[in-house]
Amino acid sequence: MTNTALRPSPISPTVDFYAEGAQHGFLRLPYSRDDSAWGSVMIPIAIIKNGEGPCALITGGNHGDEYEGPIALLDLARSLRAEDVSGTLIIVPAMNYPAFLAGTRTSPIDKGNMNRSFPGAPDGTVTQKIADYFQRHLLPLADIVLDFHSGGKTLDFLPFCAAHILPDKQLERKSFELVEAFGAPYSMKMREIDAVGMYDTAAEEMGKVFITTELGGGGTSTAKTAGIAKRGLGNVLIKAGLLRGEIERQETIWLDMPDGNCFIFAEDAGLLEPLLDLGESVRKGDVVARIYPLGRTGVDRLEVRAKMDGVLAARHFPGLVKAGDCVSVLATIEPG
Ligand code: ZN
């Protein structure tokens with residue numbers, strides 16, 4: 001990596017991060033292209049500040065085809081008045097705004113996956129420039145960071161709020177307190193397939209209290225999952241001292257992803273037959289799905305088996321799979 005730490009970001013905000021009151025504006029990123037020589041990407045942002053207090057950075061649309069976060073954040077930014085807040089709220093409903101407009105996981109401009117682009121680069125691609133702005137300008141302002149995700153077009157999840165197991169046990173404890181306050185139907189001790197380049201990792205390495213969600217998927221939202229996002233967001237802001245009110249307590253089931261055996265990947269392409277739906281239990285060795293070769297009849301199907309006991313926490317959403325696709329994610333239920 002080249003040393004670009006001192007190079008200024010090309011992004012200019014139209015809002016003042018230190019001004020009192022509610023502001024609605026943009027992070028303006030110059031983007032010269034065929035249809036607009038001196039054009040820009042205009043990433044919506046709201047700042048709601050009232051006096052001293054903690055600063056929360058809340059984001060959705062890190063992946064452009066995940067909708068519960070943007071719904072909860074657009075609704076909050078629309079309805080919140082400065083006098084409702086103690087401290088500062090920074091709301092970015094769609095981090096990867098070009099991807100959000102296209103309804104795709106990654107950016108149509110550079111194919112950039114925002115959550116694999118950190119720490120970003122001020123002289124990189126559009127996605128890398130946005131990541132760099134979060135890394136050097138927004139994350140340092142925040143005490144707590146909430147980044148909404150869902151499964152997108154290719155995964156579907158049990159609705160959960162999550163934090164990571166961290167080397168800093170005090171930070172880990174504070175993060176899980178917010179997960180509990182969020183009050184999703186499930187709460188997850190989350191493990192990543194590959195944590196390099198993630199916004200999560202950038203925030204945690206900066207010592208920020210970081211929580212995230214997976215609230216459904218399939219490239220849409222439901223009344224239930226949008227409601228979970230809105231209620232959980234309010235609960236977290238009350239718990240963090242930014243909003244007044246009572247936390248709406250909900251029963252949550254704690255889940256753990258104890259090791260890499262929780263992930264099951266397809267070893268061949270074909271038609272997926274699920275034998276298990278989200279939340280259902282399996283034992284190690286059970287068949288969780290079958291994959292039928294597409295091209296002809298009379299050929300053996302592939303059996304996909306659980307490598308541990310657990311419940312189905314996530315599944316491949318489209319009906320067809322390719323070799324290497326994540327077919328299932330299992331999690332263990334923590335004793336309550
Ligand atoms: Zn995501």
Side-chain angles (χ1 to χ4, degrees), residues 43 57-74 91-118 120 126-128 130-131 134-135 138-139 145-164 175 179 182 184 186-204 210-222 225-226 228-230 232-233 236 255 257 262-263 265 278 313-318 324-329 331:
I43 303 160
L57 173 59
I58 324 170
T59 47
N62 179 325
H63 295 126
D65 59 351
E66 304 174 2
Y67 296 103
E68 285 81 358
I71 290 169
L73 295 181
L74 287 171
I91 302 170
V92 182
M95 279 175 92
N96 197 339
Y97 188 60
F100 179 69
L101 286 184
T104 51
R105 181 175 182 80
T106 61
S107 174
I109 297 171
D110 55 21
K111 292 291 166 197
N113 179 339
M114 183 63 70
N115 223 23
R116 303 291 181 275
S117 298
F118 280 81
V126 163
T127 307
Q128 289 168 342
I130 299 171
F134 273 84
Q135 175 83 28
L138 296 183
L139 280 175
V145 182
L146 165 53
D147 187 34
F148 280 99
H149 287 258
S150 305
K153 285 177 178 158
T154 67
L155 290 172
D156 195 16
F157 281 87
L158 281 180
F160 63 78
C161 184
H164 297 104
S175 304
V179 171
F182 189 101
Y186 294 85
S187 299
M188 179 71 89
K189 292 177 178 170
M190 195 145 178
R191 171 178 292 270
E192 301 296 342
I193 292 173
D194 178 8
V196 174
M198 290 181 71
Y199 180 53
D200 314 40
T201 311
E204 287 158 358
F210 178 88
I211 64 170
T212 185
T213 68
E214 297 289 358
L215 294 177
T220 189
S221 62
T222 65
T225 55
I228 292 166
K230 289 166 71 169
L233 174 58
V236 164
L255 299 174
M257 295 159 72
C262 61
F263 301 108
F265 298 96
L278 291 175
R315 51 155 292 193
H316 184 75
F317 190 76
D325 285 350
C326 183
V327 173
S328 314
V329 181

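Counting starts at 1 for both ligands and their atoms, in listed order. Computed from a predicted structure; not experimentally measured.
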With no hydrogens and no angle check, just 3.5 Å: does a side-chain donor-acceptor pair link Asp110 and Thr127?
yes
Check for a donor-acceptor pair, side chain of Gln128 on one end and backbone N or O of Gly120 on the other, with a separation under 3.5 Å.
no
Could you pull out the N/O/S protein atoms under 2.8 Å of the Zn ion (ligand 1), ignoring any water?
His63 ND1, Glu66 OE1, Glu66 OE2, His149 ND1
The salt bridge (charged side-chain N to carboxylate O under 4.0 Å, His left out) partners of Lys153 (sequence neighbours excluded) come to none
Worked check of side-chain contact (heavy atoms from CB on, under 4.5 Å) between Ile58 and Val92
CA-CA 6 Å; Ile58 324 170; Val92 182; over 6 Å; no
Is a salt bridge present between Lys230 and Glu68, judged by a nitrogen-to-oxygen distance below 4.0 Å?
no
Once you measure the plane-to-plane angle for His149 and His63, does it fall in the parallel (<30°), tilted (30-60°) or perpendicular (>60°) bin?
perpendicular
